[in-house]
Amino acid sequence: MVMKITLGGVSKPHSSKNMKTGDWGTEYPVVDEEKCTACKACEYLCPDACIVVVEKDDKKVAVPDYEYCKGCGVCFSVCPADAIRMELKEIYKLEVC
Amino acid sequence: MVSILIEVRFHGRGGQGVVTAADILAVAGFKDGYYTLSFPTFGAEKRGTPVASFLRLSDKPIVSRDEIYYPDYVVVMDPTVIGPVKVEAGLKAEGRLIANYPKGSEDLKREMGWDFEVYTINATKMAMEHLGRPITNTAMVGAFVGATNVIKLESLLETIEEWFTNKELAEKNLKLVKEAYEYMRKVCGW
Amino acid sequence: MRKVVRGFYSIAYSVKLCRPNVIAAYPITPQTEIVENLASMYANGELGECEYVTAESEFGAASILVGASAAGARTFTATCSQGLILMSEVLINAAGMRLPIVLVNTNRALSAPLSIWNDHQDSMILRDAGLMQIHVESNQEAHDMVPVAFKVAENHKVMLPFMINMDGYKLTHAYEPIDLLDQETIDEFLPSYDPPVYMTTKNPLTFGSYAPPQYYAEFRVVMQNAMDRARKELENAYKEWAEITGRDWGGHVVAENVEDAELVAIAMGSLTGMVRDVVSELRTQGKKVGLLKIRTLRPFPIEEVRKALKNAEKILVFERAVSFGHEGPVGMEVKSACFGLTPEFYSFAVGLGGRDIPREEIVKIIGNVYEGKVEQGFHFGTVKPFEEVIV
Ligand code: SF4
Ligand code: SF4
């Protein structure tokens, strides 16, 4: 298949959604919904806009999008409520055979 | 006069110290009297992106700065890049691939259909034990030296010691490097 | 002292030894770590009588240096790409004001499309700006050329800004052994800056005043004359450097195996080493090929280039930029130097926007030109098949 060169390097919105970056990281963020105060610090500062505060069971909480989360840990660093921890992905936990 | 040129390619993901691994070996190789050159692929500098880095060792000043297409050795720091990235591309027939992989080398060879020399080590587990974090670069440089003999262990240890200004961290990494080195020597039957 | 260091550091360290008075910069990849290193040296009190200013933009950085230089300070900055062209309005002024600002440009492509990777499009855009410009092949050469730049820029016979071009990433991010200079060597080579004219709060001056048509042309003649004198002064500085340090990088150009060469390949910057390597390999196979490395781009070493190419049947230029609507910029320069000679001429734009230039590509291009398999004129290097579409 030949490369398509768009006039002006123009691209349509959301085309970066095809680039699923969720498998890039070694760790992923886990939100403790009890502790989360829905302050949105993580939402504002995630470099990939992939953790957002949503309505969930009558409560507002931050939810990471693991399809795109790169595991950078920014949300973990900025959360004022200590509501985020970074977990090692399963693949890295395997034992030697 | 035949000159020596050893070319190594490292694969992993941003944030795992893929660049540092090549750099550490560039310093260790320099201590051994080689001319050395290490450099990264220049992608987006974000944690988690698949990245590569390159190392050349030679007895003559190194003038070629192109990426390494026909490596003598490939070092894979992260098991998840095997497959998505063609890590074995261009590996010389007599070359070796050294991988951080939770299973044995025969499993990896079978899975990938590889017929060249492959050595595996569970560097993530080792790194977790020693450092408490899955940063595999120091383990993998130890494994590389153990599996190839191109650099002296003493030069590597000296480099590691200088690399970490934090004494405690240096100690932990020295232990990790030695363990990975010993493990590889055993695996390679040396 | 020989040490394995990153390209950034080799520059920053050399700048420090040159005892700058004012450094102003704005970060841009792949330059940032040069000024980051300088900023931390400044913070650690290692820069002596120096002010480090983090500007709000490259335009600001260059403007700060114009002021500082006019006040008699030794000034330095580093930038590239969009940063360089944002500076350009100020740098062109600095040249006219005859201010010896030294900058390192870590060559990077220009937008659009956005690219943070290496080629020479950025510095080529400033070809006519009145800056002296050189290209370096290695981090050692970059490290060595910083004091040379200050010396020639601040030479009273010259008094022009000086831009050292080094390939972004290929050099800046490379980690390799460098013979780091010592303070004594630099102090012996580079006297402190003695500005021929400078302003103070008590003695205010206007730099680059208004010049209506009755006067303007003469100022431009004077600038051209300064560039002409810079040719000699720069060559002298190269020589003196070689004597003091024992590291001889050659003059404005380095010609190798050109005397009997049928084909002379021309390269600038970090690609040169590999081209040299390929050329010497072809020599051992009995092929009559030579290399011309162009170090100085401005003032353009027209005599040296012509001399090196006088016997060549074929000239092959490796371009790292394009003058759209014409051809590669280095080829244009080389052709003008060869006026009246009648070699065949070929040029290839390679490694645009940071595309890696594998050795095989260089071997193939030289081989094809040598064997007469390509048409004369300007070509692009490896390009994938594509189709143009509207999104
Ligand atoms: S780890 Fe990084 S990418 Fe993932 S949600 Fe948190 S801030 Fe976003
Ligand atoms: S920063 Fe912490 S507390 Fe605030 S929304 Fe995110 S997870 Fe909740």
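Each chain gets a letter, A, B and so on, in the order its sequence line appears, and its residues count up from 1.
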Note to self: Would you say that more than 12 heavy atoms from the other residues, nucleotides or ligands in this model lie under 6.0 Å from the NZ of K3(C), or not?
What the structure shows: no
Notebook entry, point to check: Under 6.0 Å from the CG atom of D58(A), do we count more than 12 heavy atoms belonging to anything else shown?
Noted result: no
Margin query: Taking side chain as everything from C-beta outward and backbone as N, CA, C, O, which of these in P385(C) sits under 4.5 Å from a heavy atom of chain A? Side chain, backbone, both or neither.
Written below: both
Notebook entry, point to check: To the nearest 0.5 Å, how far apart are NZ in K384(C) and CD1 in I5(A)?
Noted result: 8.5 Å
Check: Is E375(C) atom CD crowded by more than 12 heavy atoms from other residues, nucleotides or ligands, each under 6.0 Å away?
Finding: no
Next item on the list: Count the heavy atoms belonging to other residues, nucleotides or ligands that lie under 6.0 Å from CD of E387(C), then report whether that count exceeds 12.
Entry: yes
Checklist line | Atom pair CD/CE of E388(C) and M3(A) - distance to nearest 0.5 Å | finding: 11.5 Å
